[in-house]
Amino acid sequence: MAAAEKWTRTDGCGALRPANCGRTVTLMGWVQRRRDHGGLIFIDMRDRSGVVQVVFNPDAGDAFAVAESLRNEYVIAVKGTVTRRLEGMENPDLATGEIEVVAEELRVLNPSRTPPFPIYTGGPLKEVDETLRLRYRYLDMRRPEMQRNIILRHRAAKATRDFFDREGFIEVETPMLTRSTPEGARDFLVPSRVHPGEFFALPQSPQLFKQLLMVGGLERYFQLARCFRDEDLRADRQPEFTQIDVEMSFIDREDIIDTTERLMQAVFADTIGVEVTPPFPRLSYREAMARFGSDKPDIRFGLELVDVTEVFRDCQFKIFARTVASGGTIQGLNAPKGASFTRRELDELVEVAGTYGAKGLVWIVFEDGGIRSPIAKFLSETEIDALKTRLQVKMGDLVLLVADERQAALEILGQVRLFLGRKLDLIPKDKFSFLWVVDFPLFEWDEEEKRFVSVHHPFTSPLDEDLALLDTEPALARSKSYDLVLNGYELGGGSIRIHRREIQERIFKALGLTEAEAQDKFGFLLEAFEYGAPPHGGIALGFDRMVMLLAGQGSIRECIAFPKTQRATCPLTGAPGSVSPRQLEELSIRVAALPSGPEKPDAEG
RNA sequence: GGAGCCGUGGUGUAGUCGGUUAACACGCCGGCCUGUCAAGCCGGAGAUCGCGGGUUCAAGUCCCGUCGGUUCCGCCA
C-alpha cells in the first residue's frame, strides 16, 4: 500500500475569516461536536486558535462516510474549501461564524475514548469535580477557560522578562538542590546518595543566592524562580510555586518600589490591557492594622475599623471595662444599613468572629426606637452618643465591637470586615487596588520557641532611626521592608538587606542565635559580606497569585498546569508514591514503621 | 493538629417528615433525518447512593467512625 500523501496544516481553525473564502485549507484539530443530519454532517472543529464549522456533503464520498463515524475529541485532519455561509446561516457567537469549511477529504489521526467529563457543553458551564479535572488535566486543559489561563500565565512571564531585560536586569538560575536553613518554612528534603545521611533542601526561595549575586557584582538580578515550602495548602498556596525574584545593588527602598510599580504597570498592560498607575498608596504596618485589621488590607472598599476604647473606659459592661483596665482595646466597625440583619445573620457574624479566636462579638443595632443589643442595658446615653460620633452612625446602621488585646481585636474585626465586605457586596469586581505596606516590625515574639523571630528574614535591615532599639527594645524596632498588596492578597514582599557585619551580628543576637550557630547556618553569606558587599535589597512577588488575579480566579490552581490538591497530592501521576527498597538502600534510608492503613487507590482505577 | 461544607448512573443535580419501582438534564449506544450550531425525533443501556459500622420492621435519608475533595484556623512571606 502506497504511503499516504503527507498533509501539512495550513491554518488554525479559529483564524479563518470571510477574506479566506475560496482557499483550500488543511486543518488539524479535535472534534468538539458533531451534528449529523443524515444527509449532511456538521463538525465543530477545535484547535488552540478556536473553532470552525466543517460541513460534509454526501458528494464528498469517503470523507462523508468517515465523518459519520466521528465522535467527540477524535483528532482529525480536514482538507476543504473556505466558503461563505449561506444567507441567514451565519453564527454570530462564533468568531469564524461567517464562514465554514466545506470538506473534501478527511483523515482520522486518532480516535478518542468518550471523555470522563464534558469538555464542551455548549450550554451554561457546569463545575466539574476538581479531583476529576486534575486526574484528567490534559482534557481539562482543552477547555478554553483553562487555555486562557495558561496562555495568560505565559504572557505574564513574557511581560516580566521583557520588562527586566529592558531595565538591564540579568536572569540567573540558582540551585534547586541546596542547603537547609533555619528560620522560615519547613523544607522539602532530598537525600544525598553520595553522602549517606545528608540531605539537600529544595529552596524556599533563592534568598541567600540572590544576595550572593549582589556580592558577585551582578547589580541587577531577576529570576522566575521555583520555590518549595512544605506547609499546609490554601487556595492561594501550593507546595511548589513560582516567584518573580528580584535583587538590586546600590539602591534604596524607593528604587525597589519604583521598579516594582513599573513592572506591575507593564505586566497588567501587556496581559489584560489594564492600566495601573503608580505611585501606589502606602500604609505603615501600624496604620494598616489600625484601619483594616490586616497587614494585607483589601482597600477596594471602606468599612474601616475605629478604636473606641475610650468610650468604654468606665463602662457598666464588665467585660469591656475589664479589657480596657487591663490594657486591652475595644475596636469598632460600622456596617451601614446593617440593622436589617436577621438574628440569624447576627449570630453568623458572632460565629465568624469566633473562628478567628474572638471571645465574643458585640452587635448594636441602631433603629428608630433606640438601640437593640445584647448589652443594651449596660450602655449609657453618653456612651451611645460617643459611639455614634466616633463611628458616624446613622439610623439603620449596625455597629460591631470586639474587645481584646489590641492586635487580636484588630485582626478579628479585620476578618469580620472582609466577611461583611463580601456579604454586603461592597467589593467592586474588576478593580485592582495596589498598596504598599511598609515599616513592618523587625521581629515578632514566637511563643513556642520563647524568642524573637524575623518577621521577614534575618537579613532585613532595621530602619536607621530604630537601630538603637535593637539592643534595648527589639519588639519596637521596625525594618526597611515592604509588602506589595493587591486586593487583599499579599503579592510579595522584600527589604533592604543588611550589608554590614556589625549590624548583622546584632540581629543574630536579638534572634538568640549564637555566633557558632550563625556561622554554621549562614557562615558562607557572612564571609561573602566581608569581601565588599554592596548595599543591596530586593523583592519577591508571587507569580501564581499575580496570574490568578489577572485571570480573575479564586484559586492559583486554576493558573497552574498541573497543581496539587490540598493534601499535596497529584491525582494525575499519583505523586507522592512509594519507592523501591533498592532506591531506599542506595540512599541509606530506612522508613520507620508506618501506621497501618488502607493502600491508597491507584491512579488508574 | 482543629473547624465548616461537599460526596447519589460517565458528568451536573433532585430525592420532603426514614417507607419499598432512586428522578431529571446532558453525555453514551442504536435508528431516522440535507442547514444545524445547546440540531431534532424515536428507542435503549447505565447508579444499591464514597467506604465501614450502628439505630430501625425499613436507611440515599438518622447516628458514629473512616476515606477523599474543598474552604478556613494553626502553620506559611
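Lettering follows sequence order; numbering is per chain, from 1.
- Relative to the side chain of A:Val455, the nucleotides B:A77, B:C75, B:G27 differ in distance, and B:A77 lies closest.
- Here B:C76 is the nucleotide among B:C76, B:G27, B:U34 with the atom lying nearest to any side-chain atom of A:Arg237.
- Pair assignment for B:G18 gives none, since no Watson-Crick or G-U wobble pairing has each distance under 3.5 Å.
- In this structure B:A3 sits in a base pair with B:U71, meeting the Watson-Crick or G-U test at under 3.5 Å.
- The existence of a salt bridge linking A:Asp439 and A:Arg253 is confirmed by a sub-4.0 Å separation between a basic side-chain nitrogen and an acidic carboxylate oxygen.
- When the nucleotides B:A39, B:A77, B:G12 are ranked by their closest atom to the side chain of A:Asp129, B:G12 comes out on top.
- Using a 4.0 Å heavy-atom distance criterion, A:Gln243 is classed as making no nucleic acid contact.
- Annotation for A:Val246 and A:Met248: closest pair CG1-CG, 4.4 Å, computed over non-hydrogen atoms.
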List, with names and distances, any nitrogen or oxygen atoms from the protein found under 3.5 Å away from nitrogen or oxygen atoms belonging to nucleotides 46-49 of chain B.
none

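- Contact check, A:Arg186 against B:C76: no side-chain N or O comes under 4.0 Å of OP1 or OP2.
- Residue A:Gln566 contributes atom CD, which lies 12 Å from atom C1' of B:C5 at whole-angstrom precision.
- Checking B:C37 for Watson-Crick or G-U wobble geometry (two distances, each under 3.5 Å) identifies no partner in any strand.
- When the C1' atom of B:G7 is taken as reference, atom CG of A:Leu132 falls 13 Å away, rounded to whole Å.
- Across all strands, A:His457 comes closer than 4.0 Å to no nucleic acid atom at all (heavy-atom distances).
- Between A:Arg557 and A:Asp544 there is no salt bridge, since none of the side-chain N atoms of the basic residue sits less than 4.0 Å from a carboxylate O of the acidic one.
- Nucleotide B:G46 has no partner under the Watson-Crick or G-U criteria, as no pair reaches both atom distances under 3.5 Å.
- Across all strands, A:Glu90 comes closer than 4.0 Å to base atoms (heavy-atom distances).
- Contact between the side-chain N/O atoms of A:Thr355 and the OP1/OP2 oxygens of B:G2 is not found at any separation under 4.0 Å.
- Toward the 5' end of RNA chain B, the nearer of the two residues A:Thr114 and A:Gly38, judged by each one's closest nucleotide, is A:Thr114.
- A sub-4.0 Å separation between OP1 or OP2 of B:G69 and a side-chain N or O of A:Thr565 is present.
- Of the candidate nucleotides B:C75, B:G69, B:U34, B:C75 has the atom lying nearest to any side-chain atom of A:Arg234.
- Nucleic acid contact class of A:Glu100 (heavy atoms, under 4.0 Å, all strands): base.
- Salt bridge status for A:Asp232 with A:Arg237: absent, with no side-chain N to carboxylate O gap under 4.0 Å.
- Between A:Lys126 atom NZ and B:A25 atom P there is a gap of 11 Å when expressed in whole angstrom units.
- Nearest nucleotide to the A:Ala185 side chain, out of B:G35, B:C76, B:G69: B:C76.
- Although no hydrogens or angles enter the test, the distance criterion places no donor-acceptor pair under 3.5 Å between the side chain of A:Asp446 and the main chain of A:Arg451.
- In terms of phosphate contacts, A:Arg33 brings a side-chain nitrogen or oxygen within less than 4.0 Å of OP1 or OP2 of B:A39.
- Salt bridge present: A:Asp404 and A:Lys359 bring a charged side-chain N and a carboxylate O closer than 4.0 Å.
- Relative to the side chain of A:Gln204, the nucleotides B:A77, B:G35, B:C72 differ in distance, and B:A77 lies closest.
- Distance, A:Glu87 CD to B:G35 P: 17 Å, rounded to whole Å.
- Atom pair A:Glu231:CD and B:C73:C1' shows a separation of 14 Å (rounding to whole Å applied).
- Taking a cutoff of 4.0 Å between a charged side-chain nitrogen and a carboxylate oxygen, A:Glu130 and A:Arg137 do not qualify as a salt bridge.
- Comparing B:C5 with B:G9, their C1' atoms sit 24 Å apart, to the nearest whole Å.
- For the pair A:Arg143 and A:Glu145, the salt-bridge criterion is met [side-chain N within less than 4.0 Å of a carboxylate O].
- For the P atoms, the distance from B:C76 to B:C67 is 25 Å, rounded to whole Å.
- Comparing B:C51 with B:G10, their P atoms sit 12 Å apart, to the nearest whole Å.
- When the C1' atom is compared between B:G19 and B:G60, the two are found 13 Å apart, to the nearest whole Å.
- You'll find that the side chain of A:Arg35 is closest to B:C37, out of B:C37, B:G10, B:C75.
- Comparing the P positions of B:U16 and B:C6 gives an interatomic distance of 14 Å, to the nearest angstrom.
- Rounded to whole Å, the distance from CD on A:Glu127 to P on B:A25 is 23 Å.
- For a distance-only test at 3.5 Å, the side chain of A:Asn72 fails to qualify as a donor-acceptor partner of the base of B:G27.
- We find that the ring of A:Phe42 and the base of B:U36 stack, their centres lying under 5.5 angstrom apart and their planes tilted less than 30°.
- Among the protein residues, A:Arg557 comes within range of the sugar-phosphate backbone only, with heavy atoms under 4.0 Å from sugar or phosphate atoms but none that close to a base.
- Comparing atom distances between the A:Ala235 side chain and each of B:G12, B:C72, B:G35 picks out B:C72 as nearest.
- The side chain of A:Val128 has B:G12 as its nearest neighbour among B:A77, B:A39, B:G12.
- Both geometric conditions, a ring-centre gap below 5.5 Å and a plane tilt below 30°, are fulfilled for A:His37 over the base of B:A39.
- Comparing B:C32 with B:U70, their P atoms sit 46 Å apart, to the nearest whole Å.
- Side-chain to base pairing of A:Arg85 with B:C37: one donor and one acceptor N or O lie within less than 3.5 Å of each other.
- The side chain of A:Asp295 has B:A77 as its nearest neighbour among B:A77, B:G35, B:A39.
- In this structure, A:Gln53 reaches the bases: a heavy-atom distance under 4.0 Å links it to at least one base atom across the strands shown.
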Chi angles and distances behind the side chain to side chain donor-acceptor pair (under 3.5 Å) call for A:Glu411, A:Gln415:
CA-CA 6 Å; A:Glu411 284 174 12; A:Gln415 292 294 345; over 6 Å; no

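- Residues A:Arg133 and A:Asp140 are paired through a salt bridge, judged by an N-O separation under 4.0 Å between the basic side chain and the carboxylate.
- Spacing between B:C62 and B:G15 at atom P, rounded to whole Å, works out to 12 Å.
- Between the CG atom of A:Leu40 and the P atom of B:C32 there is a distance of 16 Å, rounded to whole Å.
- Side-chain N/O atoms of A:Thr81 and A:Glu104 include a donor and acceptor closer than 3.5 Å.
- Two residues, A:Leu134 and A:Phe241, neighbour RNA chain B, and the one matched to the more 5' nucleotide by heavy-atom proximity is A:Leu134.
- In this entry the distance linking NZ of A:Lys296 with P of B:C76 reads 14 Å, nearest Å.
- Using atom C1' as the reference point in both B:A22 and B:U48, the two lie 9 Å apart (nearest Å).
- Taking 4.0 Å as the cut-off between side-chain N and carboxylate O, A:Arg85 and A:Glu98 do not count as a salt-bridged pair.
- If you check B:C24 for Watson-Crick or wobble pairing at under 3.5 angstrom, you find it paired to B:G12.
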